[in-house]
Every structure is written in C-alpha cells, then in structure tokens.
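Here the structure is laid out as structure tokens; the discussion comes afterwards.
What you see is a predicted model, and the numbers here were worked out from it, not measured in a lab. For the single chain, residues carry numbers from 1 onward in sequence order.
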Amino acid sequence: MGELNDPGHSSSPAVLSGSQADHIEVLESVDALPMAAEDHWKSLFDQFDAKNTGYISTQQFWTLLHKHGSDLDPHKLDVLLALADSKADGMIGYQDFINLMSNKRSNSFRRAILQGNRRLCNKGLLEESGLSVAQRLIRHMAYETLPREIDRKWFYDNYTGCPPPWFIITVTIVEVAFFVYYGLVLDRFVLQATHPGYLKSNPLVYHPQLRVQAWRYLSYMFMHAGIEHLGVNVALQLLVGVPLEMVHGALRISFVYIAGILAGSLAVSVADMSAPVVGASGGVYALVSAHLANIVMNWSGMKCQFKLLRTAFALICMSFEFGRAVWLRFYPSSYPPCPHPSFVAHLGGVLVGITLGVVILRNYEQRLQDQSLWWIFLAIYIFFVTFAILWNIFAFSLLGVRLPTAPRKPPWI
C-alpha cells in the first residue's frame, strides 16, 4: 500500500473533474467491495472521531486508508483520494465516508468525483473512437436520457444488457396481442371502441358499474380504442420507455408506468364517474411527461440530438392522441347510455410523470429514500389513491350518480 503516500498516483485511468461535468473521465466499473457491513466502517470511523463530531480530518482519513485499504479496488481508491483532495476545510463527514466505502451512489459520491482535483484525463464520452455497434448504442442511450456527463459515463461503463428492458417490451407485446384478438372477434380495428360489442363481457375494461372488480383499475391498459390509439401509445412507450428502462432499470420504470395506469383509472372514477376507461395512455403519459420534464429542467445538460425538434414532436403526438380521446368521449355512444371511454386517464398519467416520475429520472442510481421530494410526492400519491378508493366506495351512492348498466355479452360473440 506504499503507493497511498502519493496523492498524484493512480494505478489506472479514473474519473475526475474540474468545475464542468463534461470534463470527467470514465469511471471504470467499481465493484462492490469484499468488505464488512456498514457497522464495521462506523467502528473504524469512530476510532478517529473520539469527540463524536461526525467528522474526521483528511490526515486521519489517509491513516485509515493506510491501515484498512488493502482490499480496495484501485478505482475506488482513486475516488476516495479525490474526495480527500477536494476538502478545502480538511474535514470529511461520516456520511460521505460511509457512502463511498459501501459503494452507494449518493450525492457525496458524485461530489467526490466532481470536486476532485486529480485531472488525469478530460476526454468526453462522445470523443471515444473505435467503439463497437453495441457500445455506440449504449452511449446513444446514455445521451438520450441522462443530463450529467458523470452519470452517462457511469452507465456506459457498467451497463451489461442483463437483464434486457423486458418490462416495456413485454407490456407492448401483450397489448398488441389483445388488440389483434379483439379486432378479429369484432371484425374492426379502426375506432374499435365504437363497436356495439366492444364493452360486452370484456373482463379487462374498467367500467364504473364493475368497479368492485379491482383488477380492472389496472387491466384496462391492455385494451385500446382502435389502431390509432394503440399505434401512438406503442410508438411512444417503445421510443421513450425502452431507453429509460435500459438506464434506470425495470423496477423504477415499471413503478412509474403502473402508477400512471392506476392514477388514470382512479382519476376517471372521480372526475368522469359514468365513463369506462381503456388504453395504456396513463402509463405512457407518465413516462413521456417525466422524460420531457427532465429534458426541460436540464436543458443545457441534455446532449441528445435535435432535442428541441424531438420534444416538440413528442408534444404534438401526445396532443393529437389526447385530442382524439376527447373527441371520442363526446362522440355519440355506440352503447347508450354508457358513453365512450374517458380521456381523463391521460391527465392522471401526466400528473404522475411530472411528480414521481421526474424525481426518479433525476436521481440516476441515487437512493430515492434520501430525497425529500420523493417522500413528498409519494405521500401525495398515496393520499390521492386512498381518497379515490374511499370515493369509489361511498361517493356514488351519496351523490346519487346514475350509472349505465353493466354491459352483457351479445349473441354474436
């Protein structure tokens, strides 16, 4: 470990920075350390923090590395040294220390890289040459979705393609399969929702008279009003959802998508009480709204090509689809007294996207539980869901809402 005595030494190209994130070199894969639990690191920290102030000096930090850094990955060591070098006050906080030693992608991790003054190399990711097709695709996805160069490089270095973006692809396949099946059954593919038998004995569509069947608040996403409805939704969720899932993972993207779907049906049950709901627009609008809001909020940092033109195009497509939904809702119904499917689900998805969705997309590989906005928006969402559930239980009878009768299966189906 003698090389620790030289702050300028590095066993390999590491990440570092100046004031601009665009001058950060690739941080090569930082594997999880074969280390003890956080309690072990705390005990080591406490040995140097006798007064329990929550801080140790950079000199004490160096001493700790001398004694306990033999198992550190060289790239991890570079980051730790950058953190020590960047502390103008000569002190390192406990949480900074724990996050770095436990390989947690926290704000202190980013600060350690951005503030480190070890400028080993400043070549940007776009300047890399000799990349394979797969590497260029990964780099493209990074620039499509992430506003910070350090996050783009982190994703580029660590993305393995396993698991693939299975969630969005699976949902898309299922949606297309159901649409084709009902299109063949009804012998209609354009404006399918206007067919008199569209709602008849359909186990997936949300219908206010059947709201006690709780699965319909989610399963309606597999049905669409027509090929024009399905086409826009599928195009948007593939073009936007797949890159987002590659970068942020299936868990986070599926949460935003399903939260948008649930918010959409519940919003309809509150604001358009007599209307049914079909389509995945709630989830699609949640993803696209979150992505567009993230682009606008980080406009200077987003390096995707033609971002103004593409943002405008996405908004035009969303507006077109929303306008179609509004028109269909007030078009004379094919199954009176029940109206055509509602458009309010689109708005529910947008609200999820610009709240929960933005927080998730802005915190790439950050722990959401450390973000106060995450808890605020999650609490608002839970409150809305709880309110909507109670509304569905009590409001219909208290307000004396007259609901259309539940559709029944016609003889030709």
* Counting N and O atoms only, with roles assigned by atom type, does the side chain of Ser289 sit under 3.5 Å from a partner on the main chain of Ala286, one being a donor and the other an acceptor? -> no
* For the pair Arg329 (side chain) and Ser342 (backbone), establish whether a donor and an acceptor sit closer than 3.5 Å, ignoring hydrogens and angles. => no
* Once you round to the nearest 0.5 Å, how far does CG of Leu239 lie from CZ of Arg310? -> 9.0 Å
* Asked: Got more than 12 heavy atoms from elsewhere within 6.0 Å of CH2, Trp166?
  -> no
* Structure fact -> To the nearest 0.5 Å, atom OG of Ser269 lies from atom CZ of Arg216 at 14.5 Å
* Asked: Are Ser281 and His229 linked by a side-chain donor-acceptor pair shorter than 3.5 Å?
  -> yes
* **Heavy-atom pair with the smallest gap, counting every atom of Pro276 and Val205** => CB-CG1, 4.2 Å
* To do: With the side chain counted from C-beta on, respond yes when Arg188 and Tyr182 share a heavy-atom pair under 4.5 Å apart, and no when they do not.
  => no
* Closest approach of Gly348 to Ala263 (non-hydrogen atoms, all atoms of both residues) -> O-CB, 3.9 Å
* Asked: Any donor and acceptor pair, going by atom type alone, linking the side chain of Asn298 with main-chain N or O of Asn294 inside 3.5 Å?
  -> yes
* To do: Would you please classify the geometry between the Trp391 ring and the Phe387 ring as parallel, tilted or perpendicular, with 30° and 60° separating the classes?
  => tilted
* Do any N or O atoms from the side chain of Asn392 and from the backbone of Ala388 form a donor-acceptor pair under 3.5 angstrom? -> yes
* Atom pair CG (Asn202) and CG (Leu186), whose distance is rounded to the nearest 0.5 Å -> 9.0 Å
* Asked: Taking Trp327 for the side chain and Phe322 for the main chain, is one N or O donor matched with an acceptor at less than 3.5 Å?
  -> no
* **Arg139 to Phe155 six-membered ring, cation-pi geometry met (6.0 Å, 45°)** => no
* Measure the acute angle between the ring planes of Phe255 and Trp374, then classify it against the limits of 30° and 60° as parallel, tilted or perpendicular. => tilted
* **Step-by-step side-chain contact (heavy atoms from CB on, under 4.5 Å) determination, Val176 to Phe222** => CA-CA 8 Å; Val176 172; Phe222 297 119; over 6 Å; no
* Given side chains that start at C-beta, do those of Arg324 and Leu328 come closer than 4.5 Å, heavy atoms only? -> yes
* Do Phe384 and Leu262 come close enough that some side-chain heavy atom pair is under 4.5 Å? -> no
* Please step through side-chain contact (heavy atoms from CB on, under 4.5 Å) for the pair Val278 and His224, ending with a clear verdict. => CA-CA 5 Å; Val278 297; His224 285 79; 5.8 Å; no
* To do: Provide the closest heavy-atom pair for Met318 versus Leu236 in the form atom of the first, atom of the second, distance.
  => CG-CD1, 4.1 Å
* Hey, are the side chains of Val133 and Leu137 touching, using non-hydrogen atoms and a 4.5 Å cut-off? -> no
* Asked: Any side-chain heavy atom of Ser265 sitting closer than 4.5 Å to one from Tyr220?
  -> yes
* **Derivation of the side-chain contact (heavy atoms from CB on, under 4.5 Å) call for Met302 and Tyr143** => CA-CA 7 Å; Met302 295 297 293; Tyr143 278 93; over 6 Å; no
* Structure fact -> All heavy atoms of Met273 vs all of Val270, minimum pair found to be CG-O, 3.6 Å
* Would you say Tyr381's side chain and Ala259's backbone share a donor-acceptor pair under 3.5 angstrom? -> yes
* Counting only N and O atoms by type, is there a donor-acceptor contact under 3.5 Å from the side chain of His207 to the main-chain atoms of Gln209? -> yes
* List the atom of Ser274, the atom of Pro339, and the distance in Å for their closest heavy-atom pair. => O-CD, 3.4 Å
* Glu175 versus Ala280, closest heavy-atom pair with distance -> OE2-CB, 3.2 Å
* **Distance, nearest 0.5 Å, that separates CG of Leu244 from CD1 of Ile253** => 4.5 Å
* From Tyr217 atom OH to Leu266 atom CG, the distance as rounded to the nearest 0.5 Å -> 6.5 Å
* Considering only heavy atoms from C-beta outward, does the side chain of Leu308 approach that of Trp299 to under 4.5 Å? -> yes
* Is there a donor-acceptor pair under 3.5 Å between the side chain of His248 and the backbone N or O of Glu245? -> no
* Report the relative orientation of the aromatic rings in Tyr331 and His340; use parallel for angles under 30°, tilted for 30 to 60°, perpendicular for over 60°. => parallel
* To do: Would you give the length of the straight line joining atom OH of Tyr198 to atom CE of Met223, rounded to the nearest 0.5 angstrom?
  => 4.0 Å
* Asked: Any sub-3.5 Å donor-acceptor pair from Arg152's side-chain atoms to Leu146's backbone N or O?
  -> yes
* Below 6.0 angstrom between ring centroids: does that apply to Phe189 and Phe179? -> yes
* Tyr285 and Asn233: side-chain donor and acceptor closer than 3.5 Å? -> no
* To do: Please determine which of Val240, Val358, Thr311, Val296 meets the side-chain contact (heavy atoms from CB on, under 4.5 Å) test together with His291.
  => Val240
* Going through the checks in order, is the side-chain contact (heavy atoms from CB on, under 4.5 Å) test met by Val256 and Ile360? -> CA-CA 8 Å; Val256 176; Ile360 288 176; 3.5 Å; yes
* Are Phe167 and Val242 side-chain neighbours, meaning at least one heavy-atom pair lies under 4.5 Å? -> no
* Asked: Between Tyr257 and Gln237, does any side-chain donor sit less than 3.5 Å from a side-chain acceptor?
  -> yes
* Asked: Do Ile168 and Leu238 come close enough that some side-chain heavy atom pair is under 4.5 Å?
  -> yes
